[in-house]
Amino acid sequence: MEQVEQVDAPHFRYTAQMANRIEARWQDFWAKNGTFHAPNPVGPLADTRHPRYGAPKRFVLDMFPYPSGAGLHVGHPLGFIGTDVYARFERMAGYNVLHTMGFDAFGLPAEQYAVQTGTHPRTTTEENIIRYREQLRMLGLAHDPRRSVATTDVAYYRWTQWIFLQIFNSWYDPSENRARPISELEAQLAHLPADERRKIVDSRRLAYVSEAPVNWCPGLGTVLANEEVTSDGRSERGNFPVFKRSLKQWMMRITAYSDRLIDDLDTLDWPEAIKLMQRNWIGRSRGAYIDFSGIRVFTTRPDTVFGATYMVLAPEHEAVDRLVPDEWPADIPRIWTGGHATPREAVAAYREFAAGKSEVERQADAKEKTGVFIGAYAVNPANEARIPIFIADYVLAGYGTGAIMAVPGQDERDWEFAEVYELPIVRTVEPPSSFEGKAYLGEGPAINSGFLDGLHVAAAKEQIISWLEEHGHGEGAVTYRLRDWLFSRQRYWGEPFPIVYDEHGHAHSVPDSMLPVELPDVADFSPKTFAIDDADSEPETPLSRAKEWVEVTLDLGDGPKVYHRETNVMPQWAGSCWYQLRYLDPTNEENFVDPENERYWVGQTPQAVSGGVDLYVGGVEHAVLHLLYARFWHKVLFDLGHVSSFEPYHRLYNQGYIQAYAYRDSRGVVVPAEEVVEEQPGIYVWNGEKVSREYGKMGKSLKNVVTPDEMCERYGADTFRVYEMSMGPLDVSRPWDTRAVVGAQRFLQRVWRAVVDEETGEVTVADEPAPVEVKRLLHKVIAGVREDLAELRFNTAVSKLIELTNALTKLDTSPREIVEPLVLMLAPVAPHISEELWQKLGHGESLAYVDFPVADPAYLVEESVTYPVQVNGKVRARVEVAASADEAAIRAAALGAVSISDPKKVIVVPGRLVSIVN
RNA sequence: GCGGGAGUGGCGGAAUUGGCAGACGCGCAAGACUUAGGAUCUUGUGCCUUCGGGCGUGGGGGUUCAAGUCCCCCCUCCCGCACCA
């Protein structure tokens with residue numbers, strides 16, 4: 001980026017060079033003086049002399065970034081700047097504000113880079129963090145640097161491991177609906193033999209090892225959580241195929257918290273869209289289990305049981321083999337058998353067919369129902385009808401009981417299947433005539449349903465559930481879509497499990513005193529990967545090759561013995577499940593957070609009954625991953641008495657994305673966006689050649705990256721901050737437009753000029769009183785800006801400040817009584833220039849703790865009001881009326897202005913307008 | 001398919017929740033200062049107009065003295081979920 005000093009610009013103009021000098025100076029000042037250190041109630045970060053010690057608090061949090069090698073582009077800091085503006089504002093408004101930044105630094109990219117180059121992931125990670133810190137410092141973010149942590153710090157992941165052990169050493173007690181220490185379960189089972197007790201205890205832990213169908217990704221050489229697999233069956237990272245297969249893995253019993261994770265959403269100040277996504281992800285369905293000849297099905301529509309004319313089991317359902325007879329029953333339709341000689345052959349063939357389908361094919365085929373009769377029948381408990389049992393892949397093994405009663409009359413999928421396999425269709429809800437020839441899912445009176453006839457859906461459900469329970473045919477039930485969280489990864493760059501195995505293969509926790517379990521150095525960081533479609537490959541963890549680390553002699557209370565360490569590592573989500581708590585007490589070696597500090601910063605309050613962070617800003621992409629996992633961990637910590645809040649993040653706000661235009665030439669090759677010029681509206685040219693424009697993410701591949709470094713150099717950090725905050729509402733995505741940044745610069749230049757003579761550098765403010773109309777504007781702006789900043793409406797706050805500045809520009813000299821509040825109001829958005837001007841105005845202290853201006857109500861009322869006068873809905877005149885005038889006077893003035901003496905109707909809206917119907 | 005959100009000048013976006021549509025900024029135009037302008041400043045800028053005014057918030061209808069805002073129908077785009085019984 002060329003940076004030509006503007007030789008002829010006035011010496012004291014607010015140019016990029018001037019901005020950069022000011023910014024460097026104040027960044028040094030803040031760092032040196034610890035300006036943004038937030039005092040804790042107790043511990044090493046307590047400071048009783050701090051102006052905000054013991055004041056009401058605000059914990060303002062960003063979703064911490066992964067420090068990638070590519071560095072930041074202008075899209076990344078949007079949320080960081082937003083929280084910074086809010087944090088600075090709240091600090092000036094009297095709050096003790098905790099605002100800092102950490103790094104989510106475990107993860108795949110550093111590991112993959114390590115595999116390629118041999119550089120240790122820690123080296124790469126630390127370099128990237130340094131680079132990130134530089135970039136963030138340049139933006140003037142008011143962080144408390146003492147509280148910054150990286151998830152890869154040994155001193156940090158020691159506590160991640162400790163929390164894991166809390167989870168491992170607890171169980172969910174359904175009768176109390178909370179997690180309890182495992183020792184309490186052991187005590188309850190004290191009468192049992194040790195072996196049996198261990199078995200039960202291990203089966204109840206919240207973190208447990210299980211042999212279960214998991215997502216195995218040979219291309220990455222690791223297993224993945226459901227949340228990390230895309231809907232077309234590929235890995236979110238790398239886009240490799242993922243296969244379901246049974247492997248022994250660590251799981252977290254998040255399903256125990258399904259109800260609380262749904263119900264507690266009501267206590268949170270989150271966007272409804274995110275709450276909805278979490279509710280859908282957990283997927284609670286209320287209905288009933290019904291037993292059909294010993295096969296249990298789940299249904300949300302037990303009221304339709306009289307219409308169940310067949311059953312369908314998932315192809316993998318465990319009852320199938322038991323049920324399949326040797327021969328086909330007599331007189332069945334040909335299509336039921338799939339042309340196979342025996343049911344056993346038909347089942348085997350169908351299973352092979354279904355298993356061979358990829359996730360993509362399964363979805364593409366969703367509308368064409370396939371299946372096969374297994375040769376057996378069940379009895380519908382409601383009407384004792386004999387109904388055939390099918391297997392079909394439209395019934396999923398992983399949901400409900402893996403078996404359904406098929407009610408084609410009231411279910412579209414069952415209807416389609418019934419049509420293909422010529423199965424009877426019995427309607428049990430009276431459909432409107434428009435539903436001729438298709439299933440009806442709606443409301444209506446029951447028909448063909450025996451004792452339910454005439455009842456509407458809700459009443460019929462209730463009736464049939466009590467009938468089922470009375471007769472032992474089933475019970476009311478709730479099921480969930482959420483599965484337990486697959487928690488182990490076959491990677492290197494993650495937290496080691498604090499778990500060892502004895503000679504029987506039993507898992508033991510490493511005692512707290514032996515934490516942290518440090519990652520060993522290894523020569524080869526790569527998990528063993530395979531051909532991307534090699535579904536039968538076996539995972540091999542990098543840590544398993546560190547033989548001398550794996551084998552360890554410990555005394556776990558029964559003398560020294562040899563144990564083998566767990567060689568999986570935790571998923572990247574682990575560190576982000578609790579980092580905000582460590583910010584509160586980053587150096588505590590006795591505890592992951594001191595309880596008093598925890599209560600002060602994130603405890604429950606009347607305004608936030610859940611407790612938790614006061615404002616959490618980040619992208620929507622974490623709607624179900626990080627935010628669900630973190631809530632789960634937090635609830636476990638709450639149940640075990642380690643935290644006083646039952647939710648980690650009370651208020652959530654999703655910032656939008658900054659996107660950018662990209663350009664391609666006639667061959668479709670991306671050209672550097674920076675070099676494209678718009679010759680005419682809609683005509684874009686690069687190197688003399690016409691190019692086409694598209695719109696998308698900022699990134700290397702689209703050659704449209706703009707970095708904050710570049711913007712700071714060309715305009716200064718304050719201008720960059722003002723621009724990002726004024727582009728639009730924080731939660732809306734918008735296109736980046738470097739051309740438009742100059743508007744923010746001009747604004748700051750005007751503010752500067754209002755205080756400083758560009759030629760001489762003299763401060764030029766006047767101490768005489770300001771004109772009353774400017775004072776009115778000032779107080780209107782103060783009231784507006786306060787409200788806007790508190791509501792995160794930064795774009796309108798900036799526009800109000802510009803208005804005030806423009807009014808100031810029109811005066812010959814700037815009155816101090818306007819300039820000083822303007823500078824203070826500008827400070828959250830453009831802190832460096834504001835500090836500089838504040839100092840030039842004669843103040844010795846940083847303005848970071850100066851009270852934010854408060855509007856004087858006396859100036860908020862106008863002396864006179866100009867009323868638009870509408871006649872039949874059109875504005876025909878304006879009248880100026882004293883603010884104190886009553887309705888009659890306003891009405892008289894309005895009628896006079898439009899010369900109407902006998903109107904049909906007159907509506908006077910005081911303070912707004914007059915509307916006349918003539 | 002189901003669920004959620006959004007459509008306002010050439011562009012980004014405002015509009016105290018039913019009360020003067022287009023604040024503020026970019027761009028554009030004219031002017032000032034300049035050797036110069038991709039710097040800065042000033043003024044103007046929704047569209048049409050016979051200069052009276054008319055038309056305008058995705059389209060169509062409605063309620064109202066008054067609709068971007070409320071109601072009904074339709075269109076488009078974005079996001080999430082996707083055979084979840």
Side-chain angles (χ1 to χ4, degrees), chain A residues 4 6 8-10 13 15 231-232 271-277 279-281 283-285 287 297-301 304 312 362-363 365-369 392-396 398-407 410-414 416-417 479-482 620-621 623-624 677-678 681-682 722-723 726-729 731-747 749-750 753 758 783-784 787 793 795-803 805-806 809-810 866-875 878 903-907 909 911-918:
Chain A
V4 184
Q6 289 164 6
D8 56 341
R13 172 166 290 174
T15 57
S231 59
D232 58 347
E272 273 311 312
I274 304 293
K275 291 189 182 181
L276 198 70
M277 282 163 76
R279 284 191 199 105
N280 290 343
W281 188 265
R284 177 162 64 190
S285 299
V297 304
F298 175 74
T299 176
T300 55
R301 291 293 302 276
T304 65
V312 185
R362 253 176 60 88
Q363 283 183 31
D365 297 348
K367 283 288 157 194
E368 293 157 37
K369 294 285 174 290
D393 66 354
Y394 83 93
V395 171
L396 309 175
Y399 184 76
T401 61
I404 63 158
M405 64 175 199
V407 188
Q410 274 74 228
D411 185 284
E412 285 166 352
R413 298 152 302 183
D414 296 345
E416 286 164 16
F417 192 85
T479 62
Y480 304 87
R481 208 188 77 123
L482 184 70
V620 277
E621 70 271 22
V624 283
V677 287
E678 185 173 11
V722 169
Y723 175 64
S726 65
M727 291 165 82
D731 58 351
V732 173
S733 295
R734 72 296 297 268
W736 178 261
D737 181 10
T738 298
R739 271 194 322 185
V741 179
V742 71
Q745 188 181 37
R746 285 180 194 147
F747 161 51
Q749 281 176 337
R750 286 200 294 279
R753 205 156 39 234
E758 288 192 335
E787 217 180 283
R793 291 190 303 250
N795 54 330
T796 51
V798 169
S799 83
K800 288 178 175 97
L801 294 174
I802 294 174
E803 264 184 276
T805 305
N806 290 351
T809 306
K810 292 192 173 65
T866 302
Y867 283 89
V869 182
Q870 292 182 351
V871 179
N872 297 335
K874 304 261 179 240
V875 179
R878 287 169 197 283
K904 286 205 189 93
K905 192 174 178 187
V906 179
I907 295 130
V909 186
R912 292 255 139 249
L913 52 48
V914 181
S915 185
I916 299 168
V917 188
N918 195 26

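In this text the structure is predicted, and so the values were computed from the model without any measurement. Here is the naming used below: chain letters follow the sequence lines, and residue numbers restart at 1 for every chain.
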Suppose we screen for salt bridge (charged side-chain N to carboxylate O under 4.0 Å, His left out). Which residues come up paired with R284(A), at least two apart in sequence or across chains?
D259(A), D263(A)
Have a look at rG44(B) and give me syn or anti from its glycosidic angle (syn if within 90° of zero).
anti
Of the listed nucleotides rG13(B), rA85(B), rG25(B), the one nearest the side chain of P729(A)
rG13(B)
I'd like the C1' distance from rG12(B) over to rG4(B), given in whole Å.
24 Å
Hey, does R284(A) reach any base, or is it just sugar-phosphate, or nothing, if we go heavy atoms under 4.0 Å?
nothing
Within the structure, does a side-chain N or O atom of N806(A) lie under 4.0 Å from either OP1 or OP2 of rG25(B)?
yes
What pairs of nitrogen or oxygen atoms, one from the protein and one from nucleotides 65-69 of chain B, lie under 3.5 Å apart?
from, atom 1, to, atom 2, distance (Å)
rC65(B), OP1, K905(A), NZ, 3.3
rC65(B), O2, S915(A), OG, 2.6

Specify the glycosidic conformation (syn or anti) of rU17(B), with syn defined as within 90° of 0.
syn
Considering only the P atoms, how many Å lie between rC79(B) and rA85(B), rounded to the nearest integer?
25 Å
Apply salt bridge (charged side-chain N to carboxylate O under 4.0 Å, His left out) to D414(A) and list each qualifying residue two or more places apart in sequence or on a separate chain.
none
Glycosidic class, syn or anti, of rG25(B) using a 90° window around 0
anti
Going through the checks in order, is the ring-ring contact (aromatic ring centres under 6.0 Å, His included) test met by Y480(A) and W281(A)?
CA-CA 9 Å; Y480(A) 304 87; W281(A) 188 265; over 10 Å; no
What distance, rounded to whole Å, do you find between the two C1' atoms, one in rG53(B) and one in rG58(B)?
27 Å
N280(A) meets the side-chain hydrogen bond (donor to acceptor under 3.5 Å, both in side chains) criterion, sequence neighbours left out, with none
So does S285(A) get a side-chain nitrogen or oxygen closer than 4.0 Å to the phosphate oxygens (OP1/OP2) of rA85(B)?
yes
Where each pair must be Watson-Crick or G-U wobble with both distances under 3.5 Å, what dot-bracket representation of RNA chain B is obtained, with crossing pairs in [ ] and other-strand partners as |?
(((((((..(((......[....)))((((((.......))))))(((....)))..(((((..]....))))))))))))....
Show the distances under 3.5 angstrom between N or O atoms of the protein and N or O atoms of nucleotides 1-4 of chain B.
none

